[in-house]
Amino acid sequence: MEKDVSSGAWVQRSILADQVYKEILSRLMDGQLKSGDPISIDGTARELGVSPTPVREALARLESTNMVVRAALRGYRVAPLLTHEELLDLMDARLLIEPYNAELACTRADPPFLAALERSIDDLREAPNGPHFSDYRSYWEADERFHRLIAEQADNKFVLGAYESLGGHVHRCRLFSGLGVQDARSAIEEHARILKALRRGDAAAARIAMAGHICGVRERAIHEYESADRVDRGARSESA
């Protein structure tokens, strides 16, 4: 429950909003909330035992990455899955932004930053990657953390804002539902190559390694999209 006290109230509200965000995200990923479903602020607040404020903040955060959409006087609805073309556009945008982040981050790399990247790769190796969000959540968080650390180390608030607005990890993970993470080995190897370049202080190699990783993610995302589409078509035919 929320604490209505002045000391630490902002921190408590921030933590609560983050918890609500994770809960709504879990429902989106596991298909409890489907494309087009309305999301009631008051109803969700009652379900979770919180006030409407953290729910509103969580939905605004999801809206910023186009996971949910808001219409005037109609509230929030779950956004549809990306189309094949939109997925390609998303990956192209990541290919513009993230290699640049890696190059900039390399010029600012320090031991704590490199150690944090190493921990994220270790967490990827240890994370389960089964078919449900609860199975692969820790994998997704470690993967997202690796890329966010690099984006933040680049130290350009405008590029960071562009990176955050893409929501690339969230959108791609919607394709994992019912399938699980299928590219863990490749992703871990690619992250390790990026880290190796950063450790050497080779900014050009870091940029190339990140570009190679995003190209690999792009190819695998298309495969995941096609697999998810086949699963969806099969489910529809069984229910017909």
| query | Side chains of Glu118 and Arg199: closer than 4.5 Å at any heavy-atom pair? | reply | yes

| message | Please determine whether residues Leu104 and Ile208 belong to a single hydrophobic cluster, defined as Ile, Leu, Val, Met, Phe, Trp and Tyr linked transitively by side-chain heavy-atom distances below 4.5 Å. | response | no

| Quick check: does any side chain N or O of Arg77 sit under 3.5 Å from a backbone N or O of Gly36, one acting as donor and the other as acceptor? | yes

| query | OH/Tyr136 to CG/Asn129 distance, rounded to the nearest 0.5 angstrom? | reply | 11.0 Å

| request: Please check if Ile97 and Leu82 belong to a single hydrophobic cluster, counting links between Ile, Leu, Val, Met, Phe, Trp and Tyr side chain heavy atoms closer than 4.5 Å. | output: yes

| Would you call Arg207 and Glu98 a salt bridge, using N to O less than 4.0 angstrom? | no

| message | Main chain of Ile41, side chain of Thr44: is a donor-acceptor contact present, judged purely on distance under 3.5 Å? | response | no

| query | Taking all non-hydrogen atoms of both residues, which atom of Leu198 and which atom of Ala105 are closest, and how far apart? | reply | CD2-C, 4.5 Å

| query | Looking at side-chain heavy atoms only, is the closest gap between Met91 and Ile222 below 4.5 Å? | reply | no

| request: Check whether any side-chain heavy atom of Pro128 lies under 4.5 Å from a side-chain heavy atom of Ser138, and answer yes or no. | output: yes

| query | Within the distance-only criterion (no hydrogens, no angle test), does the side chain of Arg193 pair as donor or acceptor with the backbone N or O of Ala209 below 3.5 angstrom? | reply | no

| query | Which atoms form the tightest heavy-atom contact between Cys106 and Gly201, and what is the distance? | reply | SG-C, 3.4 Å

| message | If you define the side chain from C-beta out and look only at heavy atoms, does anything of Tyr163 sit under 4.5 Å from Ile150? | response | no

| query | If you round to the nearest 0.5 Å, how far is CG of Leu33 from CD1 of Ile24? | reply | 8.0 Å

| Heavy atoms of other groups near Tyr100 OH, more than 12 under 6.0 Å | no

| query | So His191 and His213, would you call those rings parallel, tilted or perpendicular, with 30° and 60° as cut-offs? | reply | perpendicular

| message | Tell me if a side-chain donor or acceptor on Gln153 pairs with a main-chain N or O of Arg108 at a distance below 3.5 Å. | response | yes

| task | Please test His147 against Ile214 for side chain to side chain contact (heavy atoms under 4.5 Å, CB included), starting from the C-alpha separation and ending with a verdict. | result | CA-CA 11 Å; His147 288 265; Ile214 299 301; 4.2 Å; yes

| task | Could you tell me whether the side chain of Ser186 reaches within less than 4.5 Å of the side chain of Arg220, counting heavy atoms only? | result | yes

| message | Could you walk me through whether Asp110 and Leu114 satisfy the side chain to side chain contact (heavy atoms under 4.5 Å, CB included) test, starting with their C-alpha distance in whole Å, then the side-chain angles of each, then the deciding distance to 0.1 Å, before giving a yes or no? | response | CA-CA 6 Å; Asp110 54 25; Leu114 296 171; over 6 Å; no

| Would you say the side chain of Leu124 lies within less than 4.5 Å of the side chain of Phe146, judging by non-hydrogen atoms? | no

| field | Pairwise distance CG(Asp143) to CZ(Arg148) - rounded to 0.5 angstrom | value | 12.5 Å

| field | Short N-O contact, Lys34 and Asp37, less than 4.0 angstrom | value | no

| request: Side-chain contact test, heavy atoms from C-beta onward, threshold under 4.5 Å: evaluate it for Leu95 versus Met210 and give yes or no. | output: no

| message | Tell me the closest heavy-atom pair linking Tyr76 and Arg56, and the distance in Å. | response | OH-O, 4.5 Å

| query | Are Arg137 and Glu141 close enough for a salt bridge, meaning some N to O gap below 4.0 Å? | reply | yes

| Spatial distance of atom CG (Leu195) from atom CD (Glu190) [nearest 0.5 Å] | 14.0 Å

| message | Quick one: does any side-chain atom of Ser26 pair with a main-chain N or O of Glu23 as donor and acceptor, under 3.5 Å? | response | no

| request: Apply salt bridge (charged side-chain N to carboxylate O under 4.0 Å, His left out) to the pair Glu47 and Arg27, showing each step before the final yes or no. | output: CA-CA 13 Å; Glu47 288 178 29; Arg27 296 180 183 188; 2.8 Å; yes

| field | Neighbour count above 12 (heavy atom, 6.0 Å) for Arg70 CZ | value | no

| remark: Scanning both residues in full, the closest heavy-atom pair of Pro80 with Ser35 reads CA-OG, 3.4 Å

| query | Considering all heavy atoms of both residues, which atom of Ala79 and which atom of Asn66 are nearest to each other, and what is their separation? | reply | CB-O, 3.2 Å

| Is the number of heavy atoms from other residues, nucleotides or ligands under 6.0 Å of Arg185 CZ greater than 12? | no

| task | Salt-bridge test for Lys22 and Asp18: reply yes if a basic N is under 4.0 Å from a carboxylate O, no otherwise. | result | yes

| Are Arg61 and Glu57 close enough, and set up right, to give a salt bridge (charged side-chain N to carboxylate O under 4.0 Å, His left out), and what steps lead you there? | CA-CA 6 Å; Arg61 182 176 168 187; Glu57 291 174 355; over 6 Å; no

| task | Answer yes if Leu62 and Val69 sit in the same cluster of Ile, Leu, Val, Met, Phe, Trp and Tyr residues linked by side chain heavy atoms under 4.5 Å apart, and no otherwise. | result | no

| request: Quick one: pull up CG in Asp183 and CD in Glu189 and give me the separation to the nearest 0.5 Å. | output: 11.0 Å

| said: With side chain to side chain contact (heavy atoms under 4.5 Å, CB included) as the criterion, how do Leu48 and Gln19 come out once you've worked through the C-alpha distance, each side chain's angles and the decisive distance to 0.1 Å? | reply: CA-CA 10 Å; Leu48 300 180; Gln19 292 171 339; over 6 Å; no

| said: Between Asp202 (side chain only) and Ala205 (backbone N and O only), is there a donor and an acceptor less than 3.5 Å apart? | reply: yes

| field | Point-to-point distance, once rounded to the nearest 0.5 Å, from CZ of Arg119 to CG of Asp123 | value | 8.5 Å

| Just wondering, do Leu88 and Arg218 contact through their side chains at under 4.5 Å, heavy atoms? | yes

| field | Considering all heavy atoms, the nearest Ala184-Tyr139 contact | value | CA-OH, 3.5 Å

| Derivation of the side chain to side chain contact (heavy atoms under 4.5 Å, CB included) call for Thr53 and Leu16 | CA-CA 10 Å; Thr53 300; Leu16 189 57; over 6 Å; no

